[in-house]
Every structure is written in C-alpha cells, then in structure tokens.
Amino acid sequence: MWTLLSLWVALAAPPAEPRLVTLGVGVTETVFALGLGDAVVGVDTSSLVPAEATKRPKVGYVRAASAEGILALKPTLVLADDALGPPPLKGQLEAVGVKVVVLPKAETVEDAAARVRAVGEAVGRKAAADELAVAIMTAAAEVRPKKPAARALFVFVHGGATLQVAGKGTGAHAMLTAAGAENAVQGYAGYRPLTAEAVVLARPTVVVTTTRALAAAGGEEALWRSPGLAATPAGQARRLVVLDDALLLAFGPRTGLAVAALAEALGQP
Amino acid sequence: MSALESRCLTVHRGDRAVLREVDVRVRPGQVVAVVGPNGAGKSTLLGALAGDLRPASGAVLLDGEPLGSLSPRALARRRAVMRQDATLAFPFPVAEVVLMGRLPHGGRGNAADHAAVDAALRRAGAAHLAARPFPGLSGGERQRVSLARALAQVWGDAPAGRYLLLDEPTAALDLGAAHAALACARAFAAAGGGVLCVLHDLNEAVRYADEVVLLGGGRRVAAGRPGAVLRAGVLSTVYGVPVEILEAAGGRFVTVAPAGRAEGEVER
Amino acid sequence: MTAAALFAARRRRHLTRLGALGVALGLAVIVAAGTGAMRIAPSTVVGALAEAIGLSTPWATAPDEAAVLWAIRLPRVVLAALVGAALAVTGALCQGLFRNPLADPGLVGVASGAALGASAVIVLGVGAALPLTVALPAAAFLGGVLFTVLAHRVAVRGGRTDVATLLLAGIGLNAVGFAGLGLLTFVADDAQLRGLTFWLLGSLGGATWPAVAAAAPGLVLPVVLAAWLARPLDALVLGETEAAHLGVPVERVRRAVVALVALGVGAAVAVTGTIGFVGLVVPQGVRLLAGPDHRVTLPGSALAGAALLVGADAVARTVAAPAEVPVGVVTTLIGAPAFLTLLWGRRS
C-alpha cells in the first residue's frame, strides 16, 4: 500500500523541485510545519515564524507584494492568505503561468484548522495536514474554562490618548472566547479605539496583549498608566497576559497551543 | 460712423453707481484725455470702454456695434488696453511680453509679428530692454513695455480705425519718458488710430489731447477742447482746491493757486 | 538684437531643452525596462522589443523572461510614463491658471475626492458587485471628478469662474475629503485599514495592459489638449483682465483647465493611488531649465514628468527587491526637499 502510494506520489509530483512563495504568517508557518520549509524560496514581510522563514527573500507585505519580485524567485506555486494584494496581483502572476492559491480567511480556531487542511491539499501533503488540523482542534477542545470566566480586555495597539482594543468579530475575540474568557468589549465590532471612560466601564479583570503591542506601548508600566486602565479591576490587580503576536494571531498550526497557553495564563491568579 | 463711444453709460459697483449717464466719443485721429479727481470714475470709464465692465444701463459701441456683440478676439484686434501696475506671474523676457500683443492676430511668431514687436519696442522707447526679464524692470521701464505691448496689438500694419485705451500711461515716468509716451500716442492718432487716455496731469492733457472729458463724482462735468474745458472755475469746484490758469511761452498751464492769491478760495 | 533674432535664439534653446528631456525619457524607459527584481539582460529587452515590431535579432529571448517583460514590466513602465506626464502637465496647467508657481493639481479637490471614492469601495464595499480591479479605479475617478465639479460650482458666479474662490473651495473640499477619510478609517476593520493605507501610498504595482488601456484616454487627453492652452496661459501670466484684452476667452480657458485637471489627475489617482509632488515640482524644474513659456513648459513637463516617474518607479522596484517600496514615497522623498529648497530660495 505504502509502496503504491509513494509510487503514485512520485509519478504525480512535478518533475522539478517545487519552489514555493508563501505570503501571510499563518500560511508560511503551516508550509514549514508540513515539512516543506526547504521548498520555500520567498515569503512576505509578515512571515516571522518559524525563524527559518525570516531568512528567505522578502517580496513585500502580503497586501502590497511585488509581482516581479515574486516571479524573479521562479516559483512553481504561490500560496497566500486572503489579504493578497494589490488587487491585480493574482491576475498578473497567473498571466505568466504561475499557479496562485489564495487561502480562505482564518480568524477562529476552526478556520485555522480548515486553512491548514487547504494548504496541505495545495502542496500535496494532505495526510500530514489532516493530522495537524486534528491536533489544533484537540488542543483547543481540551481547554477547561474556569468559573467565573475572566473578563479580558485585548489591547491591540497603544497610540496616543486612547487604547486600541479588540471588539467582536476579531481574531483576538475568537482566541479569548476559545480560551474560556469573556471579551470585556461587547458593544464594538473590530479593532477600535476605546475612550478612558469606556475602558473603566468595561471592568476587565485581566488585560491581554501581544509582545509587540506591549513594546509599542513602552512597556508594562507605561501600559498601566494608560487613561482609565488603572481604575479597572485588572489595573488594580496588575493582571496582564502577554503572548507572542505570531503565536496568538497567526491562525496557523500552533493555534491549538496558543489557545491552551492563553487559557493557562488566564487561569493563573 | 467710426468711433469708440459710450452712450448714457451707467456702471455699478455693487449697489453703488460709480458712473452715471456718461457720454464719451473717441474718433480715429483723436487723442481724448479723461481727467478728474481721485474716485471720479476715470478708470471705471476706461474699463467699461475696454469691455471689462458690464453697463447697468446705456451702451458702449465700437464703430456702431455694441461691444457685447463682438467676439473677444475680434474686439482685441481693434482695441488695445494698457492698465497700471503690470505684474507678471512668471519671468518672461520683455520681447515675449510684447509678442503677446500679437496674440489676437495669430501670434505664432512669424516675420510680421517680429517686425511689429520691433516697431512697438522702438516707438515705446523700450528697444534696449528687449532681452531683459520683465520682473527685473523698474516701474517706468515696465510701463514702457506695457505700452509697447499695447502698440504691438493695434499698430502692426494699419492703425486706422483701431483704438488704444491708456490708463495713466505716464504715472511712473520721468519728464522725458512721459513726453515720449504721449508723443507716441499722438503719432498713433496721426496714423489714423483713436486714443483714450486717463491722465492725472492736467498740463499733459492741455498739451497732447484734442479733447478733454472732465469727470467728477461719476458724472461728466465738461467735455470739449482743452482750452474750453480746463477753466479755473470749474476745476476749482471739481478738485476742491483753488486753481489758476497761467499763460506762458505760448501755452496754457494749470496750477494750484498759492495760498492767499486766489480770489474766491474754495472751502477745504 | 532684433526681435526675430531673439525669438530664434529662444526657440533654439527651447528645442534643445525639449530634445534633452526627450533623450532623458528615452534613457529612463530603456533603463527601467531593463531593471527589476527579475534579471533580464539588456540584449533580451532589446530583442523582445525588436521582435514585437517584426525585427529579428541574434538575441534569443527565453519564453519566461519575455513573459515577465511583456506582462509585468512593460505595462508598468508605460503606465509610469503616462501617469507622470499627466500629473506634471496638469500641474503646469494649474500653476498657469492660478498664476502661481506653487499651485498643485490637487488644489481643486480632485485627489481627496478620489481618495474618498477609493475608501468607500475598500471600507464600505461600494460597488461590491464589480471586481475590485474595476470598482476601485472607477470609484476613485468618479470621486475625483465629482469633487472638482463641486469646487467649480462653488466658484462660479454669474457665469464666471472666480479663481481665488476655486482655490478656497478646493481647500474646503479637501478638508471634507480628509474628514470623510478619517471617518472611514475609524469604521474600517484592521484589514480594510491596511488596504486603504497601501492605496493611499500610491503604487504602480497594479499595472496590467487592460488597466493601462482603460486609463490611457484620461491620461493622454490632457497632455495633448494642453497644447491648445499654451498661448492663452502665456497671456494669462499678464493677468486675467489683460488676457481678456488680448482676446483670450478667459472663462473657457479656466473651464478647460479645470476639466483637464479633473480628467488627468482623476485617471492617474484611479490607477495608481496618490503619487505626490510630481505635479508640483516637475513644472517648476522645467521652468528653471527652459523658461516660463507654456509652449515649452507644457511639453517639457510631459517629458520630464514621465521620465521622473519611470525612474522613480525603477528605484521603487529595485532598492528592496524582491520587495518594493511604494513609488509615492520615492517621488515625495525627491519632491518634498526640492519643493522646500524652492521655497527657501523665494524668501529673498
């Protein structure tokens, strides 16, 4: 059976080595996780994990990638998340005969698993991708939410007088929910600036942010000095959870781990 | 009949009438001077005759046709206007500025245009300025170049039946240059053109004009031969200062009477 | 010196300067066509171009290289040339109309209107029934034209366009446009916000032959029709009243300039987003090089604007290859210091 299968794979595989250009952090990470890292000849600037990926030539940000830059890498397949741009890029690449696969948007744990499967299908690693997708779902399902649920405020960008926070319909909201927390911001959809008064009214018991957002805020002390934040239960208890950007919001192969890590951090007093 | 004329011309600025029922006529071969104190409506009259201002009532006719019935280009071929304080947004050389006067005639820069530019520069006493950039000129030099541009517009081949409207052409000029400019206007009239010229200096009007129109408070106070219009009594009333007419060297000169010498001193 | 000799000397000077700018554009096109993330030998470029016009050369062109050249690089070079020419010529027209060498074609509200149109598509999903590659430029173009028409409406009094009011109306509409843009930025989600940011930065990356063909009439017409406005704009340098005395139909010239600016800048912004400073700085430079005569400023601006944008885009494509820098950043990095130097020089 295995012999037959490998024979089939050998026959079906393109004669030349595959050369992949991957755009979008979750997509790139998935391709590496499927063991095809050596085939990746170019990535976009958001592809920061694994560290190995950052050593590949950069073709620009996924939303403003360079058609000629991608073609110069002579790819056999271009894999990108749904943000691929500028709008005519896909058509430009296909016009010169390069295959482009744009993967569906992923902003929940289920989306992440589905996208891993889609990537596996596109690169011919279906079995490995299925395994990975099951692992994501399993890790997330094992989370046992604490009662009562933590009211978490996800701080995305800190700039100026108001905090930029995650409302409903965001990846951060999905992660908080999956980790058994309650998003303290329910009246908003999307990432929005929140006034100091609204921060107080949201009564978060914990503040969640990413490594880069915290650095942009000027560190933990500076973050707590943000208007309104000190007056919240989270501010008084100084409860802050910081996770790596690419772990928390990539919606790639480690999303199951991310949910577990977030749940654990939220569960700690 | 050949003339540039206004008939019962009233012009408003906003709600205010700045010119009331004014009749003026410039015939080919004539130099007509428009004089009067500040705010009398001299520049308004010139603007209306040039076609810049729409009459509230009355009409401006060029050889019997209302100005409004002529296309801008047809009008530009028959009359040129020189206003005060010419400024230039970009540093064109003088010869190019004068060449712009040829625009209504095609202005492509052919041999006839070049000849007209040369003649106009020479007549206006600005030939030596031809290659200089216009913005670098003094006020008097600019005035000569503006005159040259107006001459190039209407004195190319045949000035007959064409009109020149000059708004204080001597304002920034020294004695000699002022004489040259007005002599040039006279020469244009002698060649068959008509000139209407706003002047501040009444003595220039006496010396160079065939007819004088005296404006006061937006109305035509008097019009006719300089000797008939420029009389001490009427000038004293219109200008609000005691005026004397002196006769010397075979000419007549208008001057403000020294204090204490006037018979009927006017209230200031 | 007689006028004839003086004009002949000026004409020679104009022609040599225009010739030099033409050569500069030719060089820029050849260099830009020959450089990029993909290494394509100059002989291949020449070979491919010669083949296209039916000449055979000893240089073989690899099919994939030729494909990249034809499908990706050449439409981009052509679009850069057309957009650069349109922006620079409309800039020169605006400066002539406003009688001010510091006027920018964006003054009449066209750029902010286009930005608002584009953001309506990106954020609100206006025209979602159409493909984004159609809806986005169409909305940007319509937004730009609409804002210009509005500015012009405000400035018309008694059938006459007041240029000073036009300027103020443009400033007012720009404020409205940027407030609207701010509002849409607030409403936008993270992804839309990033899309909007990249659109605003301006890029020629979306150049495809259909896009070039769709934008070409809007970009080429203002450049060609500007020729008829050269002499009237020269006369306008003397002042609006003086131009009217010279028989120039001043109101028609004003309307023609506003229409051509709306068309040219609208089309340029529609296909490339906002590319700053070309319209402001290029006519200035041409005037310094060849003099203020619009018969040389207008064609000179077309050549220099095209050369500048083709060159700037080649830089944008190659400095960070295989990634690229937004071309609007490159032109602004060149243009803004040039503009400030110019202002500095005008202090005296």
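By convention in this document, chain letters (A, B, ...) are assigned in the order of the sequence lines, proteins followed by strands, and residues within each chain are numbered from 1.
By the neighbour-count criterion of 12 heavy atoms within 6.0 Å, atom CD of A:Gln186 is densely surrounded, having more than that number from other residues, nucleotides or ligands.
Listed here is the closest heavy atom pair of A:Pro86 and C:Gly205: CG-C, 4.3 Å. Shortest non-hydrogen contact noted between C:Met38 and A:Leu71 is SD-O, 3.5 Å. The minimum heavy-atom distance between A:Pro88 and C:Thr208, with the atom names listed, is CB-CG2, 4.2 Å. A pairwise comparison of heavy atoms in C:Pro322 and A:Ser66 identifies O-CB, 3.4 Å as the closest pair. Nearest heavy-atom pair, A:Val96 versus C:Ala67, reported as atom, atom and distance to 0.1 Å: CG1-O, 3.4 Å.
Put simply, of C:Ser203, C:Ala321, C:Gly36, the one with the most heavy-atom pairs under 4.5 Å next to chain A is C:Gly36. Options C:Ala207, C:Pro326, C:Pro75 differ in how many heavy-atom pairs under 4.5 Å they form with chain A, and the most are formed by C:Ala207. For the set A:Arg63, A:Arg192, A:Lys74, the entry with the most heavy-atom pairs within less than 4.5 Å of chain C is A:Arg63.
At a 4.5 Å heavy-atom cutoff, A:Leu89 makes no contact with chain C through either its backbone or its side chain. Of the atoms belonging to C:Arg317, it is side-chain heavy atoms, and not backbone ones, that fall under 4.5 Å from chain A. The contact between C:Ala188 and chain A is made entirely by backbone atoms, counting heavy-atom distances below 4.5 Å.
Taken to the nearest 0.5 Å, the CD atom of A:Gln92 stands 10.5 Å off from the OG1 atom of C:Thr133.
Side-chain atoms of A:Pro193 and C:Phe186, non-hydrogen and from C-beta on, do get closer than 4.5 Å to each other.
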